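Single-structure report; data block below.
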Amino acid sequence: MSRGTGAGYDRHITIFSPEGRLYQVEYAFKAVKAAGITSIGVRGKDSICVVTQKKVPDKLLDQTSVTHLFPITKFIGLLATGMTADARSLVQHARNEAAEFRFKWGYEMPVDVLARRLADKSQVYTQHAYMRPLGVAAIVLGIDEESGPQLFKCDPAGHFVGYKATAAGVKESEAVSFLEKKLKNNPELSYEETVQTAVSALQSVLQEDFKATEIEVGVVTKESPVFRTLSTDEIDEHLTAISERD
């Protein structure tokens, strides 16, 4: 695989190529896509919803043990896209950070502070040769006491930013352009609209209609700021509503 001037610079995480690129970090972004799933997050007026595909690779696997949605605290959820093993390490770190923060300061860790801490950890991994970057894009969601619904995405390079809606994984760019059209005029989405926008975006970019067991949906609302995953019955209701609307 010839890369001209870039040859040999992909052997090391911490060395820039002459064009100023860190190849190993770029490969970490490819690892996120290599997992073959697409995830979407949408922020509404008083709720946030994240949706991802649920692929069970083996018929003998217990379906309940396959998930990409992780509660970090009672009020903050994390949707991991990419390598699940790396995601579990990141989730463990996030839970430790949140527990430490709660113990030290006496109140729940705000979503943006947690996102910043996760991004800091990822960024340090791009500087040290003894650690590889994590092949995970993490979408963090929760309700902030002052700012309301919050949706952040942290990538393997240590970049984190807040979103009205975002996507990660294989069809990220298609999903983002779909969401840009949907949210062009800054609509104030209700809880139902938020969930249905996220699910229909995923259906649209993958061009398939899902069964309730093929996707996972995580939500947080202002009335009940506890992070929870929707049951298959609840997902079914939303899927029916979307098909009737279309």
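Keep in mind that what you see is a predicted model, and the values were worked out from it rather than measured.
- Counting only distance, with no hydrogens or angles, the side chain of Ser224 and the backbone of Thr221 share no donor-acceptor pair below 3.5 Å.
- Contact check for Ser47 versus Val220: no side-chain heavy atoms found under the 4.5 Å cut-off.
- Side chains of Glu172 and Thr38: no donor on one and acceptor on the other come within 3.5 Å.
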Pairs under 3.5 angstrom only: tabulate donor-acceptor contacts from the side chains of residues 200-209 to other protein residues two or more places apart or in another chain.
| from | atom 1 | to | atom 2 | distance (Å) |
| --- | --- | --- | --- | --- |
| Ser200 | OG | Gln196 | O | 2.7 |
| Ser200 | OG | Thr197 | O | 3.2 |

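- By the neighbour-count criterion of 12 heavy atoms within 6.0 Å, atom CD of Glu223 is densely surrounded, having more than that number from other residues, nucleotides or ligands.
- Every residue was checked against the ring pair (Phe, Tyr, Trp, His ring centres under 6.0 Å) condition with Phe227, not counting sequence neighbours, and none meets it.
- For the pair Arg117 and Glu97, the salt-bridge criterion is met [side-chain N within less than 4.0 Å of a carboxylate O].
- Asp144 contributes no side-chain N or O that, together with a main-chain N or O of Gly148, makes up a donor-acceptor pair within less than 3.5 Å.
- Atoms CZ and OG1, on Arg88 and Thr67 in that order, are 11.5 Å from each other to the nearest 0.5 Å.
- By the 4.5 Å heavy-atom criterion applied to side chains, Arg132 and Gln24 are not counted as neighbours.
- Contact check for Ile48 versus Ile143: side-chain heavy atoms found under the 4.5 Å cut-off.
- Taking CD1 of Ile37 as the start and OG1 of Thr84 as the end, the distance is 7.0 Å to the nearest 0.5 Å.
- Atom NZ in Lys54 sits 5.5 Å away from atom CD in Gln63 (nearest 0.5 Å).
- When the side chains of ILVMFWY residues are joined at heavy-atom separations under 4.5 Å, either directly or via intervening members, Tyr125 and Val140 end up in a single hydrophobic cluster.
- Using modelled atom types, one finds no donor on one side chain facing an acceptor on the other under 3.5 Å when comparing Ser231 with Asp233.
- Taken to the nearest 0.5 Å, the SG atom of Cys154 stands 10.5 Å off from the CZ atom of Arg116.
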Between side-chain atoms of residues 71-83 and protein atoms elsewhere (two or more places apart, or another chain), which donor-acceptor pairs fall under 3.5 Å?
| from | atom 1 | to | atom 2 | distance (Å) |
| --- | --- | --- | --- | --- |
| Thr73 | OG1 | Phe75 | N | 3.1 |
| Thr73 | OG1 | Ile76 | N | 3.1 |
| Thr81 | OG1 | Ser39 | OG | 2.8 |

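- Lys153 places no side-chain N or O within 3.5 Å of a backbone atom of Phe160 that could act as its donor or acceptor partner.
- The shortest distance between side-chain heavy atoms of Ile139 and Phe152 does not fall below 4.5 Å.
- Residues Gly218 and Leu141 come closest through the heavy atom pair O-CD1, 4.4 Å.
- If you chain together hydrophobic residues whose side chains sit under 4.5 Å apart, Val50 and Val66 never meet in one group.
- Minimum heavy-atom separation, Met109 to Phe101: CA-CD2, 3.5 Å.
- Judged purely by atom type and a 3.5 angstrom limit, Asp86 uses its side chain to pair as donor or acceptor with the backbone of Gly135.
- Rounding to the nearest 0.5 angstrom, the gap separating the CD atom in Glu244 from the CG atom in Leu239 is 11.0 Å.
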With a cut-off of 3.5 Å and sequence neighbours excluded, list every side-chain donor-acceptor pair involving residues 181-189.
| from | atom 1 | to | atom 2 | distance (Å) |
| --- | --- | --- | --- | --- |
| Asn186 | OD1 | Lys164 | NZ | 2.9 |

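- In terms of heavy-atom proximity, Ala28 sits nearest to Pro156 at CB-CB, 3.8 Å.
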Item to complete: Report the C-alpha distance between Val111 and Leu151 in whole Å, list the side-chain angles of each, state the deciding distance to 0.1 Å, and finish with yes or no for side chain to side chain contact (heavy atoms under 4.5 Å, CB included).
Response: CA-CA 8 Å; Val111 190; Leu151 180 70; over 6 Å; no
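- When hydrophobic clusters are built by joining Ile, Leu, Val, Met, Phe, Trp and Tyr residues whose side-chain heavy atoms come closer than 4.5 Å, directly or via intermediates, Val91 is grouped together with Met131.
- The cluster map of Ile, Leu, Val, Met, Phe, Trp and Tyr, joined by side-chain heavy atoms under 4.5 Å apart, puts Val176 and Tyr163 in different clusters.
- In this structure, the side chain of Asp120 does not engage the main chain of Gln123 through any donor-acceptor pair within 3.5 Å.
- Of all non-hydrogen atoms in Leu69 and Glu216, the two that sit nearest each other are CD1-CB, 3.8 Å.
- With contacts defined as side-chain heavy-atom distances shorter than 4.5 Å, the pair Val219/Cys49 qualifies.
- Closest approach of Ala165 and Leu179 over heavy atoms only: CB-CD1, 4.0 Å.
- A donor-acceptor pair under 3.5 Å is formed between the side chain of Glu193 and the backbone N or O of Ser190.
- One distance of note links CG of Leu114 with NE2 of His93; it measures 8.0 Å at 0.5 Å rounding.
- Counting only residues at least two apart or in different chains, side-chain hydrogen bond (donor to acceptor under 3.5 Å, both in side chains) contacts with residues 100-112 comprise Arg102-Glu108.
- Contact check for Phe178 versus Ile40: no side-chain heavy atoms found under the 4.5 Å cut-off.
- Using a 4.5 Å cut-off on side-chain heavy atoms (C-beta onward), Val217 and Thr229 make no contact.
- Every residue was checked against the ring pair (Phe, Tyr, Trp, His ring centres under 6.0 Å) condition with Phe103, not counting sequence neighbours, and none meets it.
- Contact between Val51 and Ala198 at its shortest, heavy atoms only, is CG2-CB, 3.5 Å.
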